[in-house]
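In what follows, chains carry the letters A, B, and so on, assigned in the order in which the sequence lines appear, proteins first and then strands, with residues in each chain numbered from 1.
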Amino acid sequence: MEEEAEEEEVYEQEEREEEGEVVRYGEALPEPPEGKKVYLLSVEYDAQKGKAYLKLVDEDGNVYAYYDRTNHKPYLITDVPPDKIREIPQIAKSKEFVDAIRVRKYNALTGEYLQLTKLMATDPLAIGGKPNSFREMLPRVWEAKIRYTSCYTYDNGLLPGMPYMVYDGSIRPYPNDLTPDEEAQLRRIFEGETEDYVAQAFKYFPLLISAAPDVKRAALDIEVYTPRENLVPNPEEAKFAVISTAFSGSDGRKVVYLLMRDEAELPRGESADLPRDVVVEQVNDEAELLRKTFKTMEEYPLLLTFNGDNFDLSYLYHRALNLGFRKDQIPISLSRDQAYVMNGWHLDLYKFFKNAAIQIYAFGGAYKGFTLDEITKALLKKGKIAVPPALHGLTTGQLAAYNFNDAEITLELTTFQDSLVMKLIFLIMRISRLSIEEVVRLGISGWTRSAIFAAHREKNYLIPNQSDLAVKGTVQSKAIIKGKKYQGAIVIKPTTGVYFDVAVMDFGSLYPSIIKEYNLSYETIDCPHPQCRSNKIPGTDHWVCTIWQGIFSTYVGLIRDFRIKWFKKKAKEATDPQAKVWYDVVQRALKVFINASYGVLGAETFPLYTPSVAEATTAMGRYAITQTTKKAQDMGIRVLYGDTDSVFLYKPAEEQLDQLSQWAEKTLRIGLEVDKRYRYVVFSELKKNYLGVTPSGQVDVKGLLGKKRNTPEIVKKAFNQILQVLANVKDEKEFESAKQDIKKIVKDVYSRIKSKQFSLEEVSFNIMLNKNLSTYTKTTPQHVKAARMYVAVTGKPLGPGEVISFVKVRGGEGVKPTELASVDEIDLDKYIESLRSTLEQILDALGLSFDEIIGVTDLSSFIQFKRGAMVKRGPATSL
DNA sequence: ACGTGTAACAT
DNA sequence: ATGTTACA
């Protein structure tokens, strides 16, 4: 009996974790004092009390809990009437059954109100998550897979990330009224929109202007002893001692706890790298070190790590158990792939920065890989301090310095640029309606899901099941790429050559604009009304509703309008630097949501997956760019190139640009603006492959091999030298001398390669490993070959995300890891080929031939050019 | 757990 | 022809 009970307990906990509910022990948080301004950071579920609660923090870093007083219960929606529910014994007789009541819900797919049943339970697991949950026993259910804490958030209109206060014993939003001026401005920018749209705009607006708190926080990093080099300690086993832990706090606290035991095998010593204000506490006992670490952790509401979910916190937890700690002495709780801290929140920044939407849209792709070193180098302009990758041979002082530096730069990831990242996280919480830890853990699909589910609940729409949307799922177009679901964008074939005076016009946020302006949403596409059937999407048989306003369209439209009409504008105009930073963060957060809004509709994993809407969006996009091209040609403007949402126009007159813009606004109802001007553009023969020089001499390079990170440095260098030359070309006349300069650059690098005048690093290819090494079974690409050789020789494991550096050699496998190769064995011909393909992309367009340039070369005749004559450049006379 | 289109290179 | 990577 006892064993069974125990088993059930374990099972329940695992189930809860599966469902994403955090099991935290030792919750003993006070309620916020009356009138105190507190920020809602998470909504959680207390399984012991059977209640949801709000977890909040004040500006001093104190954490509070506010338990549900509305007697809200977990529930699902079903079409089985309440009296029939009561006839199902497994439900009605279950101790978790609370009630089944009739509810009215709007079915957006049919436009009808439905009489449905709300089946309530005492516990979220009774609704779903166990084999015998209620949702498994009913033929049709809705909204049964929404996490209970989210359900509670939406139903109570809670806004994670916003300030609250307790007033007269109950929680309510902290007063935050719009100024009359703001209200008037808002009305102005939403003039002409429907009443519902404006009402929602007023609801959203406070979320975007309310200041984010600078939450007290600390970053933690730990170092573990390893008996040999390149051994990555397993956190679940936690076999080796934690020899050092470091904290860097937003309150300025800097501390390292350092184990001074013989087992650590570290020579004692000072480190010049350790900042003076870091306190190093020497500890003689590992358990004591862990106790101190745990105590410091608990002094901060927000704990930051870089990979703490999978390493640091997991290691500390298991190590503490190994050392005889009781679970209640460890302020950490682990789920399958996440670590939580008691009485606070843990953010694993690795997960946040690895999020593609954050990497690309919020940071413009500033970092490519996801190591702490690479991200901090790109964003903070400084990385990890130089120490050997293994801790072997370090003195205690060096270890402390290394350990502290990691904690410090982890903290800095949240403090740089006026705490940009914290602000971003708060804005994402508010828009997505998710708790802080969920924001950091989930991707754009999860954020959008939550935001749109909340909109459904607010409007009393039934959230459809994916299967309900199957009727809208028929795609009509055929994708060009094998394996894709529907056709995408158009790329206009470039007119190869050099063109002076080019204007680039583009449709800003093309797909979101289409979704808003053409009312695209799962319920409005191919709607049931006969009178809408003539409202066709060009090039398809899809039609769009003219009666209902699409819920997805509204959501996308609001975010787009706020970004373009308010925050981007204000960011530009603002004079107060702090205000400017805020406007910029908001527009970036909105950009993250807006840019991914179309993509999720075409993602099978998105609950409102509607490929027909995604297809209609791209079809409309194709229509927009082709119509624009036609119009431009009718006006006598040559269209040199175009991609998805842009057209490159040759020598257009200013009035023509205005005229085209007005035409687009009027006939397509999408904004078309001049995005860029180029003094000249060089188009290769390939699509997505050109370079443009702006009037200020800045060179934009798109898609050219010379820009790609896998191209060897020696080739890139020559490529960049050519760009330097091109940047200084002002008109057609100057091209002739520029061509001579370029020829010299090509000859020079050619001879450098031929005469082996390079370092190994200069000739290395750098390619990222995207999968585990063992999973490359179909083919073995060169970087995988090199990586396997590296592992075989050094024993150091290589995993996904790591950039493999290798060189091409004669004989053997044809490649070697850069670290294991020598200049003698380099296969020079391979590099000449790489140089050729990279430079030909430019040379061809300039009317130069790579072969001719190197063919006429006599090795001895251009040694003189090696003294760097090509770097300095004036108007073309000297050459 | 966003999408499709284009290109290069190796297998 | 296909797999893999990088980019727009």
Under 4.0 angstrom, heavy atoms only, what part of the nucleic acid is Tyr776(A) near: base, sugar-phosphate, or nothing? sugar-phosphate
Looking at every strand, decide which applies to Ala614(A) at a 4.0 Å heavy-atom threshold: base, sugar-phosphate, or nothing. nothing
Would you kindly give the CG-to-P distance between Leu510(A) and dC2(B), to the nearest whole Å? 22 Å
Please, which pairs that meet salt bridge (Lys or Arg N to Asp or Glu O under 4.0 Å) have at least one residue in residues 705-714 of chain A, sequence neighbours excluded? none
In chain order, what residues pass the salt bridge (Lys or Arg N to Asp or Glu O under 4.0 Å) check against Arg677(A), with sequence neighbours excluded? Glu654(A)
Using the ring-ring contact (aromatic ring centres under 6.0 Å, His included) criterion, which residues pair with Phe426(A)? Sequence neighbours excluded. none
Would you check if Lys717(A) and Glu762(A) make a side-chain contact, meaning some heavy-atom pair closer than 4.5 Å? yes
Name the nucleic acid region contacted by Phe606(A), choosing base, sugar-phosphate or nothing; use a 4.0 angstrom heavy-atom cut-off, strictly under. nothing
Any pair with a residue in residues 594-621 of chain A that passes salt bridge (Lys or Arg N to Asp or Glu O under 4.0 Å), sequence neighbours left out, goes on the list, sorted by first then second residue, please. Lys485(A)-Glu604(A)
Taking donor-acceptor contacts at under 3.5 Å, does the side chain of Tyr361(A) reach the base of dC2(B)? yes
Taking the ring centre of each residue, are Tyr831(A) and Phe765(A) less than 6.0 Å apart? yes
Taking atom C1' of dC2(B) as reference, at what distance in whole Å does atom CG of Leu442(A) sit? 14 Å
Rounded to the nearest angstrom, tell me the gap between atom CE in Met620(A) and atom C1' in dT4(B). 18 Å
Quick one: Asp645(A) CG to dT4(B) P, roughly how many Å, whole number? 17 Å
Give me the residues of residues 763-771 of chain A where at least one heavy atom lies under 4.0 Å from an atom of DNA chain C, by number, or none. Ile767(A), Met768(A), Asn770(A), Lys771(A)
Using the ring-ring contact (aromatic ring centres under 6.0 Å, His included) criterion, which residues pair with Tyr486(A)? Sequence neighbours excluded. none
The first and last nucleotides of DNA chain C lying within contact of chain A, meaning any atom under 4.0 Å from one of its heavy atoms, run from dT2(C) to dA8(C)
Take Gly599(A) and Ala479(A), find for each the nucleotide of DNA chain B with the closest heavy atom, and name the residue whose nucleotide sits nearer the 5' end. Gly599(A)
Tell me what Tyr641(A) touches on the nucleic acid: a base, only sugar-phosphate, or nothing, going by heavy atoms under 4.0 Å. nothing
How do Lys482(A) and His783(A) order along DNA chain C: which one's closest nucleotide is nearer the 5' end? Lys482(A)
Contacts of type salt bridge (Lys or Arg N to Asp or Glu O under 4.0 Å), residue Asp468(A), not counting sequence neighbours: Arg140(A)
Nearest-Å distance for atom pair CH2/P, residues Trp447(A) and dC2(B): 10 Å
Quick test of your reading: applying salt bridge (Lys or Arg N to Asp or Glu O under 4.0 Å), list the pairs with at least one residue in residues 776-788 of chain A, sequence neighbours left out, ordered by first then second residue. none
All ring-ring contact (aromatic ring centres under 6.0 Å, His included) counterparts of Tyr350(A), not counting sequence neighbours: Phe306(A)
Let me know which of Ile490(A), Val491(A), Ile492(A) forms a side chain to side chain contact (heavy atoms under 4.5 Å, CB included) with Asp643(A). Val491(A)
When we call it a touch if two heavy atoms are under 4.0 Å apart, what does Glu604(A) touch: a base, just sugar-phosphate, or nothing? nothing
How many whole angstroms separate atom CD of Gln359(A) from atom C1' of dC2(B)? 14 Å
Just how far, in rounded Å, is P of dG3(B) from CG of Asp643(A)? 19 Å
Distance in angstrom units between Ile514(A) CD1 and dG3(B) P, rounded: 18 Å
Partner set under ring-ring contact (aromatic ring centres under 6.0 Å, His included) for Tyr641(A), not counting sequence neighbours: Phe648(A), Phe683(A), Tyr690(A)
For nucleotides 6-11 of chain B, 5' to 3', base contacts (B), sugar-phosphate-only contacts (S) and non-contacts (-) with protein non-hydrogen atoms under 4.0 Å give BSSSSS
